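Written below as structure tokens is the structure these notes are about.
Because the structure is a prediction, the values reported are computed rather than measured. Both ligands and their constituent atoms are indexed starting at 1 by order of listing.
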Amino acid sequence: MAQSAAPVLALDGPSGAGKGTIGQICSLKFGWHYLDSGAIYRGLAWLAKNEGVLCDDIVSLVSLADSMELICHVCETDSATIEINGHVVTDELRTDEAGQLASGIAPIPEVRAALLSMQRRCRKAPGLVADGRDMGTTVFPDAPFKVFLTASAEIRAQRRFDQLKAKGFDVNLARLLESIQARDVRDSSRDASPLKPAEDALVLDTSELTIDEVVTRILTLVN
Ligand code: DC
């Protein structure tokens, strides 16, 4: 089966734990493909908003998911560029609003099922770094490498604040913290593929670790 051909590093964890930064560094170091599964949920929520599809209209959401074409370009100098149905939407998808909208449609089992094969198709030689909430538990349960990154909500909010600020967004730290905490509760308490470490995942609390330290630990695991 093609799915078992290539190795996968499943990188899961809550919002702001560093999955995106660490995942992109690892994908460049290994020369592996990179899947930003959060961008898929954000992209679908963004498409739904643009098309006036409400988050309880499951039939229309599934049909949008089936027709969505998402391309993610990773480069060494910046964060990944996301293209949906031919439009570059990187900045629109990075906003806190897009994250909340994504978290709103993510509990719907039909939506998750519709997005599953798109994610699994990303598993190609020589390997895949897959970043998300359920990479190690649901999407790639047989991944040979699983890491669950976490950090305190305060530190994650501060990181997200610095990231968005550097990109020129007008952000408020207290509101970001509230939003991250609300998203943690929603993502962990849903029935369909909740945010939780796979039983065989290495759990890394990155609160006190630098990016280099986290990357080194992952390199040790994969090598
Ligand atoms: O990683 P992120 O912040 O871009 O994800 C946005 C939301 O999408 C997140 O709050 C929950 C949802 N999501 C998910 O349910 N499963 C994934 N594998 C990735 C994201």
message: Measuring only between side-chain heavy atoms, which start at C-beta, is Leu128 closer than 4.5 Å to Phe140?
response: yes

statement: atom 2 (P) of ligand 1: of Arg186, Gln119, Arg133, the nearest heavy atom sits on Arg133

field: Electrostatic pair Lys19-Asp36, nearest N-O below 4.0 angstrom
entry: no

Top protein contact for atom 12 (C) of ligand 1, by heavy-atom distance: Ala106 CB, 3.8 Å

query: Considering distance alone, does some N or O of Arg160 sit under 3.5 Å from an N or O of ligand 1?
result: no

message: Please confirm whether Met135 approaches ligand 1 to less than 4.0 Å, judged on its heavy atoms.
response: yes

query: Do Ser37 and ligand 1 have an N or O pair less than 3.5 Å apart?
result: yes

- prompt: In terms of atom number and element, which parts of ligand 1 are under 4.0 angstrom from non-hydrogen atoms of Asp187?
  reply: 9 (C), 10 (O), 11 (C)

message: Tell me the protein heavy atom at minimum distance from atom 16 (N) of ligand 1, and give that distance in Å.
response: Arg112 NH2, 3.0 Å

query: Do other residues, nucleotides or ligands put more than 12 heavy atoms under 6.0 Å from the CG atom of Leu221?
result: yes

query: Is there a nitrogen or oxygen of Ser15 sitting under 3.5 Å from a nitrogen or oxygen of ligand 1?
result: no

- prompt: Can you tell me the protein heavy atom closest to atom 6 (C) of ligand 1 and the distance?
  reply: Arg183 NH1, 3.5 Å

- request: Give the residue and atom name of whichever protein heavy atom lies nearest to atom 8 (O) of ligand 1, and the separation in Å to one decimal.
  value: Tyr41 CB, 3.5 Å

- prompt: CD1/Ile211 to CZ/Arg159 distance, rounded to the nearest 0.5 angstrom?
  reply: 7.5 Å

- line: Ranked by distance from atom 20 (C) of ligand 1, the top protein heavy atom is Gly38 CA, 3.6 Å

query: Counting only heavy atoms not in Asn223, do more than 12 sit closer than 6.0 Å to its CG atom?
result: yes

task: Answer yes or no: is there a donor N or O on one side and an acceptor on the other, between the side chain of Glu213 and the main chain of Thr210, under 3.5 Å?
output: yes

- prompt: Does at least one non-hydrogen atom of Gln100 fall below 4.0 angstrom from an atom of ligand 1?
  reply: no

- prompt: Cut-off 3.5 Å, side chains only: do Gln100 and Arg186 have a donor facing an acceptor?
  reply: yes

- request: Using distance alone, decide if ligand 1 has a nitrogen or oxygen within less than 3.5 Å of any nitrogen or oxygen in Arg42.
  value: yes

Atoms in ligand 1 with a heavy atom of Ala102 nearer than 4.0 Å: 6 (C), 7 (C), 8 (O)

task: Give a yes-or-no answer on whether the side chains of Asp205 and Thr150 include a donor-acceptor pair shorter than 3.5 Å.
output: no

- prompt: Judged by atom type as modelled, is there a donor-acceptor pair below 3.5 Å linking the side chain of Arg42 to the main-chain atoms of Leu93?
  reply: yes

